[in-house]
Amino acid sequence: MVDMKFTAAHWGTYRVNQNKRKGFKLLAFEHDKDPSEIGMGLESAINSRSRIHKPAFRRGWLEKKGGQNESKRGEDEFVEVSWEDAFELVSSEIKRVIFAHGNESIYAGSYGWASAGRFHHAQSHLRRFLNLIGGYTYSKNTYSYAAAEVIIPHVLGNFYNFLFDTTSWESISDNTSLLIAFGGIPLKNGQISQGGVGSHIQKEYLRQASSKGVKFLNVSPLKSDLETVGTTEWIPLKPNTDVALMLALCYELDKVGFTNKDFIERYTVGFENFIGYLNGFSDGVVKSAHWASKITGMSKEVIFDLIEEIKKSERTMISVSWSLTRQSHGEQPYWAAIALASIIGDIGKPGGGIGFGYSAMNSIGNHYEKIPAVSLPVGKNSIKKFIPVARISEMLERPGESFDYNGSKLTYPNIKLIYWAGGNPFHHHQDLNRMIKAWQLPETIISHEWCWNALAKHSDIVLPVTTPLERNDIALAPRDPYMVFMSKIVDPIGESKSDFEIFSGLAEKFGLEHDYTEKKAEKEWIKWIYDESNARQKNNHKFPDFDDFKKKGWHKSPEPLSQQIFLKEFIEAPEKNPLDTPSGKIELFSKQIDSFGYSDCVGHPKWYGDKEYLGNVLRYKLHLLSNQPKFKLHSQLDNGRVADKEKSDGRAVIEVNKIDAEARNVKDNMVVRVFNDRGSCLAAVKISDNIMQGVVNIPTGAWLDPLKGSGISCAHGNPNVLTNDLGTSKLAQGPTAHTCLVEIEQFKEELPEIRAFDPPKITGSNK
Ligand SMILES: Nc1nc2c(c(=O)[nH]1)N[C@H]1C(S)=C(S)[C@@H](COP(=O)(O)OP(=O)(O)OC[C@H]3O[C@@H](n4cnc5c(=O)[nH]c(N)nc54)[C@H](O)[C@@H]3O)O[C@H]1N2
Ligand SMILES: Nc1nc2c(c(=O)[nH]1)N[C@H]1C(S)=C(S)[C@@H](COP(=O)(O)OP(=O)(O)OC[C@H]3O[C@@H](n4cnc5c(=O)[nH]c(N)nc54)[C@H](O)[C@@H]3O)O[C@H]1N2
Ligand SMILES: [Mo]
């Protein structure tokens, strides 16, 4: 048997067709029911003009070696340096910073998705290395659903357990009558699963549920958030107003005696408090359908129709997309949705209750047992300082100042050195113009990248890494049944090295090479991960012999036996299986949160109208959503050809409602300036009936392309020059990208070229 070669990415598994003359081609994995096109973008991206070939140092930094300097990050030229010199310069700089300022002054929160592959996981290598030399300031929570990560433990218990315990699709198909999807069930997002995907299941499951008669209601400003067959109805509402609707549903259902009293009594605490708020006892405002219709832009009739649907439904699933957490007061949609599901009382029943993030990733709603998989050991961080991940700009701006987080008062560290590997803050962070200013403050910024994106261009030291096609690895995601041996397909491009090789080289400079590598090379580490993970499997899940696995290229874990029902054990025996909350029950009022005394997150689900949304319009009259892109993962592969499918002449597209377009006299394909007080970008208009009036959408991921001296923050269409960098609340301090108002106007000047993919000016080499 010829060895089969495969590679795996967050968006799928691909068979590799190698041809001596033509090079390689990636083909869809034959066991994938619905392969994603995204992967094909890799072929063109890995050797495109934006590839980084050699270690590169910013000239201004080299001339001053650390310390402050006048030339700016992001505007300077680079000098190529040999690996030998790079290891020497980087290790000396880290030693200098640790000696002068201590390990706490190193920020290595380094958030980001990096690449699939369990061994070459960039952040794990970064942590392992820094932990060996005394640690670093780290980050907590994600950009995906930070607000849920912090509020859910107060209300239901550990959020991470719930990600994989979501009621399975098959249980929905068989039992659900009505599925109300706040934020939809976007199939474009189900292409992805962190760590790898063998077979894409979301589309098939959604269709199956629909054909079995599940009624889907897509409560979202975008019709495309739930694109399925006949049983779907689109109910548009103003962005960030879901909580008002949910509260009104709770109020009206309770008013007519629909509340499942037994459920509330047995499984929840704090209902009285919550219902008191709905009835206006604390603020004089009754949270009625009439009240919510003014906030949401939905008519009262539509709200009452929805109430009738719930009343007549035998089994109701309330689904909330992760995007609902990425907004101002993003804790509330989840809490209010749980309250609504509790009033309905279907939690823990087949196909009923509450679900988070259907189709946000391919693994949500599957029912494979979690595969206990081993990761690269990262050691222990001796530094206890951290920030909630999205507070990065504020951390740089306000060293030593205090801030609130989940009941604690914390202080920001004084960061002198940033080390980033496997993420792109110039993609993921909000209000990039603010971040670019704050980014000038540290003395040194080091990144590992394979392409000249804005992170690389804004670093002082850029160390070029390999892509997964240039190294061997193993894909083993805990909730995907396919495990893949990822074969090296091509030699490292230029002088790039893996993160592992780079940190091994640096560790040597600290006399810690063997501590870092444990004297194992890549292939030994891969086998170690395989064997250690195998040792944890139950008998019927044992993996095949490693060599056989490697030869075949993949292995599938057995099919699961039963459907999964979220919170089933708790519902069956609440005394025996209490929730991991202070009361052991669902907390509709949280004494703990109440005791924090936060005015922006009180002890029960609440509507907060003090945010940048269509209810508070002044100068900027359009609500900007910036959702996940269909043809790439975040900013990854924006430099490949597949990403172009979502663009217009290489520029990001802004979806605009027909009426809004007419009012501004903008036409299809016209390039507009999208702006607010924080910044501006260019984007090409796509006029559509599928987006609610008053709302526009630019998918994320266009590489930042500042147009110097023109006042245009991004010529390419990165929406994060417009979004607001404000925490969800004092509780979670999560990111709030989906809370943003903008205005658009025709861009009448000559269209600037897109330079996002050009390397910076590289002047000579020191070798
Ligand atoms: N406006 C707005 N902003 C958002 C969101 C939104 O909805 N709206 N969503 C947010 C969400 S949910 C997320 S998760 C974030 C995502 O933000 P990120 O995860 O930071 O985005 P990526 O583009 O995936 O960045 C990964 C980077 O790692 C690099 N990389 C890949 N493989 C390797 C490797 O092996 N080694 C090294 N060293 N580097 C590697 C890639 O080149 C890429 O630059 O964005 C957030 N930002
Ligand atoms: N193709 C692709 N798939 C991805 C990713 C990617 O980059 N590309 N990223 C992955 C990652 S890291 C994550 S975290 C998940 C994220 O998954 P989601 O959080 O689901 O991602 P979004 O696409 O930002 O949001 C889904 C929809 O929510 C709607 N929405 C936004 N605000 C509101 C609101 O206030 N109310 C209502 N009702 N709807 C609203 C928007 O119309 C949007 O299209 O996706 C994952 N999947
Ligand atoms: Mo995410």
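In summary, of the residues considered (Thr444, Asp460, Ile461), a side chain to side chain contact (heavy atoms under 4.5 Å, CB included) with Val90 occurs for Ile461 alone. Evaluated for a ring-ring contact (aromatic ring centres under 6.0 Å, His included) with His458, the options Trp439, Trp703, Phe426 yield exactly one hit, Phe426.
Of all heavy-atom pairs between Leu722 and Cys681, the closest is CD1-SG, 3.8 Å. In terms of heavy-atom proximity, Ser648 sits nearest to Asn669 at OG-OD1, 4.0 Å. The two residues Gly650 and Asp644 make their nearest non-hydrogen contact at CA-OD1, 4.5 Å. Across all their heavy atoms, Asp480 and Val197 have their closest contact at OD2-CA, 3.4 Å. Smallest separation of non-hydrogen atoms from Leu396 and Leu441: O-CD1, 3.3 Å.
Aromatic ring centres of Tyr111 and His427 lie farther apart than the 6.0 Å criterion allows. Taking the six-membered ring for Trp, Tyr136 and Tyr107 have ring centres at least 6.0 Å apart.
For the pair Lys519 and Glu524, the salt-bridge criterion is not met [side-chain N within less than 4.0 Å of a carboxylate O]. Under the 4.0 Å criterion applied to side-chain N and carboxylate O atoms, Glu75 and Lys457 are not assigned as salt-bridge partners. For Asp638 and Lys632, the salt-bridge test passes: some basic side-chain N is under 4.0 Å from an acidic carboxylate O.
Partners of Arg434 by salt bridge (Lys or Arg N to Asp or Glu O under 4.0 Å), not counting sequence neighbours, listed by chain and number: Glu394, Glu397, Asp725. Residues that satisfy the ring pair (Phe, Tyr, Trp, His ring centres under 6.0 Å) test with His448, not counting sequence neighbours, are Tyr419, Phe503. Partners of Tyr138 under the ring pair (Phe, Tyr, Trp, His ring centres under 6.0 Å) rule, at least two apart in sequence or in another chain, are Phe386. Remark: His10 pairs with Trp113 by the ring pair (Phe, Tyr, Trp, His ring centres under 6.0 Å) rule, at least two apart or across chains. Under the salt bridge (Lys or Arg N to Asp or Glu O under 4.0 Å) criterion, Asp32 pairs with no residue at all, not counting sequence neighbours. Glu646 meets the side-chain hydrogen bond (donor to acceptor under 3.5 Å, both in side chains) test with no other residue; sequence neighbours excluded. In this view, Arg51 and Glu470, Ser496 satisfy the side-chain hydrogen bond (donor to acceptor under 3.5 Å, both in side chains) rule, not counting sequence neighbours. Remark: Glu30 pairs with Arg15 by the side-chain hydrogen bond (donor to acceptor under 3.5 Å, both in side chains) rule, at least two apart or across chains. With sequence neighbours left out, Phe87 forms a ring pair (Phe, Tyr, Trp, His ring centres under 6.0 Å) with Trp83. Scored by the side-chain hydrogen bond (donor to acceptor under 3.5 Å, both in side chains) test, Asp705 finds no partners at all (sequence neighbours excluded).
Under a cutoff of 6.0 Å and an axis angle of 45°, Lys761 and Phe78 do not form a cation-pi pair. Note that Arg128 lies in the cation-pi zone of Tyr516, set by a 6.0 Å cut-off to the ring centre and a 45° limit from the axis.
For Lys630, the NZ atom sits in a loose shell: 12 or fewer heavy atoms of surrounding residues, nucleotides or ligands are nearer than 6.0 Å. Within a 6.0 Å radius of NZ in Lys520, other residues, nucleotides and ligands contribute more than 12 heavy atoms.
Identified under the ring pair (Phe, Tyr, Trp, His ring centres under 6.0 Å) test for residues 28-51, with sequence neighbours left out: Phe6-Phe29, Phe29-His31, Phe29-Tyr482, Phe29-Trp554, His31-Trp554.
In this structure, Trp525 and Phe119 have parallel ring planes: the angle between them is below the 30° cut-off, well short of the 60° mark.
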Under 3.5 Å donor-acceptor pairs involving side-chain atoms of residues 487-494, not counting sequence neighbours:
{"from": "Lys488", "atom 1": "NZ", "to": "Asp491", "atom 2": "OD1", "distance (Å)": "3.3"}

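A donor atom on one side chain and an acceptor atom on the other are not found under 3.5 Å apart for Glu655 and Asn697.
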Before giving the answer on side-chain contact (heavy atoms from CB on, under 4.5 Å), spell out for Phe500 and Arg471 the whole-Å C-alpha distance, their side-chain angles and the decisive distance to 0.1 Å. CA-CA 11 Å; Phe500 170 64; Arg471 56 203 190 201; over 6 Å; no
What do the steps show when you test Glu93 against Leu417 for side-chain contact (heavy atoms from CB on, under 4.5 Å), and what is the final call? CA-CA 9 Å; Glu93 176 60 2; Leu417 186 149; 4.2 Å; yes
Take Arg118 and Ser375 through the test side-chain hydrogen bond (donor to acceptor under 3.5 Å, both in side chains) and record every step on the way to the result. CA-CA 6 Å; Arg118 242 180 142 72; Ser375 308; 3.0 Å; yes
Can Thr466 and Ser498 be said to form a side-chain hydrogen bond (donor to acceptor under 3.5 Å, both in side chains), step by step? CA-CA 5 Å; Thr466 48; Ser498 67; 5.0 Å; no
